Amino acid sequence: MAGKKKLRIQDLAKIREKTKSLMTIREGEGRARVTVHMGTCGIAAGARDIMDALLDEISKAKVQDIIVTTSGCAGLCSAEPMATIELKNQPPVKYGDLTPEKIKKIFVQHILGGQMVTELVLAVGSETVY
Amino acid sequence: MITFRMNGLDVKAEEGWSVLETAKFYGLEIPTLCFNEGLTPHGGCRLCLVEIGEGLKTKLVSSCTYPAEEGLVVRTDSKRVWAARRMMIELMLAMAPGSKVLQDMASRFGVTQVRFTSRNKECVLCGLCVRMCAEQMDAKAIGFQKRGLNRKISTPFDMRSEECRLCGACMYICPVCQLRCQGPNAEGVLCNGCLTMDPSCLDHYDDLQCWMYDAGRCGTCVREKT
Amino acid sequence: MKHYRAHLLVCAGTGCVSCGSFKIKEALEKEIKKRKLQDEVQVVATGCNGFCERGPIVLVQPDGIFYQLLTVEDVPLLVEEHLLKGRPVKKLMYVPPDEKQPVPKMKDIEFFKHQRLIVLRNRGRIDPEKIEEYIAFDGYEAMGKALAEMTPETIIAEISASGLRGRGGAGFPTGRKWAACAKEKRTPKYLICNGDEGDPGAFMDRSVLEADPHAVLEGMVIGAKAIGAVKGFIYIRHEYPLALKRVEIAIAQARDNGLLGEDILGAGFNFDLEIVEGAGAFVSGEETALIASVEGKIAMPRQRPPFPAQKGLWGLPTVINNVETWATVPNIIRRGADWFQGLGTESSKGTKIFSLVGKINNTGLVEVPMGITLRDVVFGIGGGIPKGREFKAVQIGGPSGGCLPAKLLDLPIDYESLTAAGAMMGSGGMIVMDDKTCMVDIAKYFLNFLQDESCGKCVSCREGTQRMWEIVRDITEGKGKESDLPLLEELAQVCKDASLCGLGQTAGNPILSTLQYFRHEFEAHILDKRCPAGVCTKLIRYVVLSEKCTGCLSCKKACPTEAITGSLKEVHSIIQTKCIKCGACQEACRFEAIESQRDEAIQVI
Ligand SMILES: Cc1cc2nc3c(=O)[nH]c(=O)nc-3n(C[C@H](O)[C@H](O)[C@H](O)COP(=O)(O)O)c2cc1C
Ligand code: SF4
Ligand code: SF4
Ligand code: SF4
Ligand code: SF4
Ligand code: SF4
Ligand code: FES
Ligand code: FES
Ligand code: FES
């Protein structure tokens, strides 16, 4: 923060809103959890780009409570890059063969909107595909 | 004017008086050692203790430092006060058995044993000399040093002080550097030569009830020390 | 600032820093860069997590994974496995005593599970050197509310209604203290934050100052508005360099942002803070001594009344509160007195920080709700006594606290219960002792501390603590007399009764409580001349157990004074008059044939 300008009470709330969005994940809670599978195969298939695109979207959307984690190889290398979306109190949903465009769509429609992007879904629920 | 109760008496004190000053004004005797009228009170010797408060919530405070407060309830000679006073005398005697002031005090308050090994020092750290030197002689040549067992009175760096003009006021006021008691047991830790009587009312009333306020010295309601 | 998917919260409290946490932080940053994760993962230095014995500590959020006892060598593995592949590293996790499976998440670890963080809510969560992180977690909201919406009266009413009591020792109701000072007409008025913390082994105030300095600042601004103070002083001991640094940074940041100084938050209120560095003794934490010290005089307590609220710093009305007390204030203003009221017991509200040390599995700093039982702290959070030994006592309240025995384990922790049991809340020290601890020795230890720290003004305290210490020392050396115990009790009582300040007034506790609950140990030392716990060297006797001795001669060789006789394959024996009780023979014997505390040993004399 610059620091030259003296804060007013309403500024305090603004700073809080701005920084809080970046900090809530320190509480370990959120409305949604996105797991990007970052095994060797995932990274080779472009999981990195998916991650970048996702973080970018989250920043742009200014949402606070989305947790992004990574996991190892999901054992389904053919469908990589993959990601799992868990909304609060809902079964996890797996998406495969992602591209930055697809993850953006998933972000808007599923994570923010709560509607599964059915055409991209690999599996729903804790039933394993691997 | 501040009004409060002392030994069941309603007393009035001027703003700024201590409990001790008020007691003196009314002729109530409270023993003191580190107090001197010409010097600021120090509150170190704890001989001037009085019990304040009522019921279960009473406590002991040093009357030389405690300000007279509206509505205060003070007892100058309760059992608890005497027990603490006797212990203070015993502790100080074990420091400096040579002090006649303390020896007299021991007989007066019926201290008949010293259960601690004597340190045979020549100071009880009452601080009278320090305040005398600073406040009356305007020299500030001596002061307290260190804490706990190592506490002592000395000049800075223990060297001959330029500030001291050898006026002797510090020795004059010291309760220890005086001729020691020449009573029957002059060499012992405790002399008790002038000890005879003990007021008997303390055990009954938990208060010294002597209306002559002579702490048992008239001999009417005292019992012989055993 | 940007959105990171993971935050690595590296503990940078004094404990972890001394174990090298800054090196860990550097290594993490380097490794993260190497793996090109620097835009996804943020490394943050936080304040003490309270579990310093496990340091260096790193918490990975949002997963809540708790890594401990890290070394720089562990860093590449951690980054590769956890951050890249999302596989938390088991071997760096915490394994509870007597168990094999690690506990990955911080919130599942017993040590953290039972705690209730209010004062320490930001510990291990924010970077204490960044004001915006404090603000993000509702920091300065309470101050804004106090300055814009509340009057001094409503602030004091709120604090009074919350039931907050001073955390510095005596437990005086904070609202009452503020009200008394607000009533005074003379100005200027001052505030002091007491961060002297002279108790040996205590570090709760240090931890608050290090982990969340802004909370103390915020509390003080609120207090300033309540009593109408213009200036405050934060007294921090010189031995706390990290706390000093963080508070300094916090004050500078607050000033830069208009949260301290003139016209705070544009609400037309002026207040500024200054740090006073103290190099004091234990007694300089006493409020009147501390005030003298801030004024530049010798730190010696003086008579109260007049209380600081009437005549404090430079004779002007002053409110002095403990660090923890100040840090609690914003929470009450922000969340309301009713919320605070709901925590704790009838007479003691809220939470209290304790430093849990001694013979206990999990040592550290814990914040628990008032009213929690000693058992929950010792066996729940603390994880019980190491090596399956037996719990004997817990010493509570700092050097002049008391020792409570096993039968009081279900005692709820609150001001009144502790005092009634002969201990006190004090500043929150808690030392756990097992059956190898000698209570006479413990009493001696604390008396030694007190006689050394007594400022020496009062005969009752200076001479009283010294004489008590001498008597107890003699008892531990086998020179005790039967008349010693009543004399000790008399001295302890008079010391409490007759002394001027809190030090002398509580100095009898170590003796009175140990005599109350462990009198038999004193009697064993005095009457039988033995130390049941086998601690007081002068009262131990080493003997050879004839049924176990193989006559191997190793003890004989080990003995420096040739106190052991015997020849090969014969039962050896120890000549007590020559033995200097060094214990070398016991260590040398491979057959556990040398005992110090068996009946045989006791019957020798
Ligand atoms: C010998 C002695 C040492 C003390 N040390 C401290 C200390 O280190 N920190 C502290 O906050 N209070 C200490 N106190 C208590 C203070 O005198 C005072 O009560 C306290 O700072 C008031 O704040 P509170 O009402 O918030 O507890 C000490 C008291 C005594 C008698
Ligand atoms: S003799 Fe020296 S030390 Fe003593 S009072 Fe006089 S000036 Fe002070
Ligand atoms: S030298 Fe005398 S006057 Fe000075 S402190 Fe000692 S006893 Fe008191
Ligand atoms: S009670 Fe002890 S520490 Fe306190 S003023 Fe008296 S001598 Fe000093
Ligand atoms: S070392 Fe042990 S076994 Fe060997 S002689 Fe000594 S007591 Fe006996
Ligand atoms: S304790 Fe030391 S001195 Fe005594 S017998 Fe054993 S080795 Fe020898
Ligand atoms: S005369 Fe009051 S304490 Fe000494
Ligand atoms: S300093 Fe890291 S846990 Fe205390
Ligand atoms: S063989 Fe040497 S002591 Fe046993």
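Order of the sequence lines sets the chain letters (A, B, ...), proteins ahead of strands, with each chain counted from 1. These numbers come from a predicted model, not from an experiment.
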Against chain A, label [X] side chain, backbone, both or neither, depending on which of its atoms sit under 4.5 Å from a heavy atom there.
{"X": "E141(C)", "value": "both"}
{"X": "Y134(C)", "value": "neither"}
{"X": "L83(C)", "value": "backbone"}
{"X": "V60(C)", "value": "neither"}

Within the structure provided, determine whether [X] and [Y] are in side-chain contact (heavy-atom separation under 4.5 Å).
{"X": "V36(A)", "Y": "E40(C)", "answer": "no"}
{"X": "T69(A)", "Y": "D63(C)", "answer": "yes"}
{"X": "L37(C)", "Y": "R48(A)", "answer": "yes"}
{"X": "R16(A)", "Y": "D138(C)", "answer": "yes"}

Does a sphere of radius 6.0 Å around [atom1] in [X] hold more than 12 heavy atoms from other residues, nucleotides or ligands, not counting ones at 6.0 Å or beyond?
{"X": "K130(C)", "atom1": "NZ", "value": "no"}
{"X": "Q90(A)", "atom1": "CD", "value": "yes"}
{"X": "R116(C)", "atom1": "CZ", "value": "no"}

Hey, could you give me the [atom1]/[atom2] distance between [X] and [Y], rounded to the nearest 0.5 Å?
{"X": "I66(A)", "Y": "R5(C)", "atom1": "CD1", "atom2": "CZ", "value": "15.0 Å"}
{"X": "L259(C)", "Y": "L12(A)", "atom1": "CG", "atom2": "CG", "value": "6.5 Å"}
{"X": "I264(C)", "Y": "I9(A)", "atom1": "CD1", "atom2": "CD1", "value": "10.5 Å"}
{"X": "L55(A)", "Y": "D39(C)", "atom1": "CG", "atom2": "CG", "value": "9.0 Å"}
{"X": "I135(C)", "Y": "L7(A)", "atom1": "CD1", "atom2": "CG", "value": "6.0 Å"}

So which part of D52(A) gets closer than 4.5 Å to some heavy atom of chain C, the side chain, the backbone, both or neither?
side chain

Chain A contacts, top residue of Q253(C), H82(C), K36(C) (heavy-atom pairs, under 4.5 Å)
K36(C)

Do K6(A) side-chain atoms and D263(C) backbone N/O form a donor-acceptor pair below 3.5 Å?
no

